[in-house]
Amino acid sequence: MADAKKLYIKTYGCQMNVYDSERMAETLGGQGYVETKTPDDADMILLNTCHIREKAAEKIYSELGRYKGLKADKPDLKIGVAGCVAQAEGEEIMRRQPMVDLVVGPQSYHRLPAMEEAVAKGGKALDTDFPEEDKFEHLKSRPKAKRGPTAFLTVQEGCDKFCAFCVVPYTRGAEVSRPVERILTEARDLVERGVREITLLGQNVNAYHGAGPDGDMTLAQLIWALDEIDGLERIRFTTSHPNDMDDALIEAHGSCSKLMPYLHLPVQSGSDRILKAMNRKHTAQDYLRVIERIRAARPDILLSGDFIVGFPCETDQDFEDTMALVEAVEYGQAYSFKYSTRPGTPAAEKPQIDDGLATERLHRLQELLWTQQRCIQDNMVGREVSVLFEKPGRLAGQMGGKSEYLHAVHVDDAPVERGDIRKVKIVGSEKNSLRGAMI
Ligand code: SAH
Ligand code: SF4
Ligand code: F3S
């Protein structure tokens, strides 16, 4: 394809953006674009952006600034902004950076071909609607292109929970679940193309309630339906809300062998006062009870979470409550952030706490989370795990993949192919990964 135009997509933010970028690349493939790994030779640069914290949004403007030279050298270069900053800022982006040709919100990606045609003619295109139709149904897919062994699959999008700090309900819109049959069709197609592990995505994935043949189905029911697909070996899902962990989903962790023993269940804070101010609608005890039930169903499950420190009015005691909750749970993995003011969210109006104090708390929390993570990782040494091999490691002959607990594992001189799942004995624990030996 000598005359193919080149598309450079840079993805920020969560896994849903990774999935969306793949869909956008496929759909622009229909407009004659092939992907390139560098902005330098691109005909179109598309930034798929994240608005979750202030820094994430600011990064976009500085990144755009960097393309000024490229655009000056190549006036035909088209620059687009997609994702959550596009949704939140809309036209403001073109005002701040007039070289931007296209702004597209997360619910309008299926309209990209028409938008691309408009900018190809020298116009500008902006779409931040929340249309009724299922965008994924209208996104073209490149037929049967081979895939790696793992894939994301969005099953639910948007959020109706309105935590007081969070922009997601505004940028992704109301909670919508995709119908079961479409998900199963997409999953079967992924498996035919070489995928062995699917991670179901949603901002509140366990609130899933998509239309099935006999009425709405829950996430647990969807998982059991996916369980029947031959060749699909592993199922994961993220991100969950504690209030939507129903009995059937907890039970599936105990009985569905394809469902991996890893759960990302954000709590944000261990203080009931702060949880209330955050509008989380659960207490620390509620969360701990959910964890207890999950561990009863699947004792070896590895738990992961998200935390925010320095939320408005957080006292020393509130913070100590968070530390106590972390001590009680013991996380194998976690993300922690300093509260970041997001314009338009209720918490942005509240008196903010001292930044230095928030930083100090974040460091203490991260120290504790890191120690727990280390300890759980080190305790894997001597154990047998199963590894889905994904790619060659850094050294010759080495292959790397993920255990069922989502630990990165690498094996020297591994007689395996990409996509193989094998039993491995863990023989060492390194900084960010485990060393294994074939059994
Ligand atoms: N839907 C998921 C997470 C969405 S955002 C959930 O409900 O858990 C991912 C994480 O970013 C959140 O869990 C939270 O910890 C963090 N986050 C969201 N808004 C934030 C803000 N204003 N400041 C700091 N961290 C934030
Ligand atoms: Fe944001 Fe809360 Fe919704 Fe998660 S549940 S996406 S943190 S509003
Ligand atoms: Fe960021 Fe939007 Fe995801 S704000 S975290 S890209 S939903």
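Because the structure is a prediction, the values reported are computed rather than measured. First listed ligand is number 1; within each ligand, the first listed atom is number 1. The first residue in the sequence is number 1, and the count goes up from there.
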**Request:** Please indicate whether any nitrogen or oxygen in Y339 is less than 3.5 Å from any nitrogen or oxygen in ligand 1.
**Result:** no

**Request:** Give the atoms of ligand 3, by number and element, whose distance to some non-hydrogen atom of C50 is under 4.0 Å.
**Result:** 1 (Fe), 4 (S), 5 (S), 6 (S)

**Item:** Is_contact(atom 3 (Fe) of ligand 2), protein non-hydrogen, under 4.0 Å
**Value:** yes

**Asked** Does ligand 1 have an atom under 4.0 Å from some heavy atom of R342?
**Response** yes

**Request:** Please confirm whether the backbone N or O of D272 pairs with a side-chain atom of D321, one donor and one acceptor, at under 3.5 Å?
**Result:** no

**Message:** Out of all atoms in ligand 2, which are within 4.0 Å of some heavy atom of P169? Include the element for each.
**Reply:** 8 (S)

**Item:** Ligand-residue contact atoms, ligand 2 with F165, heavy atoms, under 4.0 Å
**Value:** 7 (S)

**Request:** Examine H241 and say whether one of its N/O/S atoms is closer to atom 2 (Fe) of ligand 2 than 2.8 Å.
**Result:** no

**Asked** Can you tell me if K161 has a non-hydrogen atom under 4.0 Å from ligand 1?
**Response** no

**Request:** Tell me which one of R172, Q203, E54 gets a heavy atom nearest to atom 1 (N) of ligand 1.
**Result:** Q203

**Prompt:** Counting heavy atoms only, which part of S340 comes closer than 4.0 Å to ligand 1: side chain, backbone, both or neither?
**Reply:** both

**Prompt:** Against heavy atoms of T49, which atoms of ligand 3 measure under 4.0 Å?
**Reply:** 6 (S)

**Fill in**
A student checking ligand 3 against C84 at a 4.0 Å heavy-atom cut-off should list atoms 2 (Fe), 4 (S), 6 (S), 7 (S)

**Prompt:** Backbone, side chain, both or neither: what part of C159 comes under 4.0 angstrom of ligand 2, heavy atoms only?
**Reply:** side chain

**F165 contact mode with ligand 1 (heavy-atom cut-off under 4.0 Å)** = both

**Asked** Side-chain contact, heavy-atom cut-off 4.5 Å: L368 with E327?
**Response** yes

**Request:** Give the numbers and elements of all ligand 3 atoms closer than 4.0 Å to a heavy atom of N17.
**Result:** 6 (S)

**Prompt:** Backbone, side chain, both or neither: what part of H241 comes under 4.0 angstrom of ligand 1, heavy atoms only?
**Reply:** neither

**Request:** Would you verify whether the NZ or CZ of R96 falls within 45 degrees of the ring axis of Y61 while also being under 6.0 Å from that six-membered ring's centre?
**Result:** yes

**Prompt:** Short list, please: which atoms of ligand 3 are under 4.0 Å from a heavy atom of Q203?
**Reply:** 7 (S)

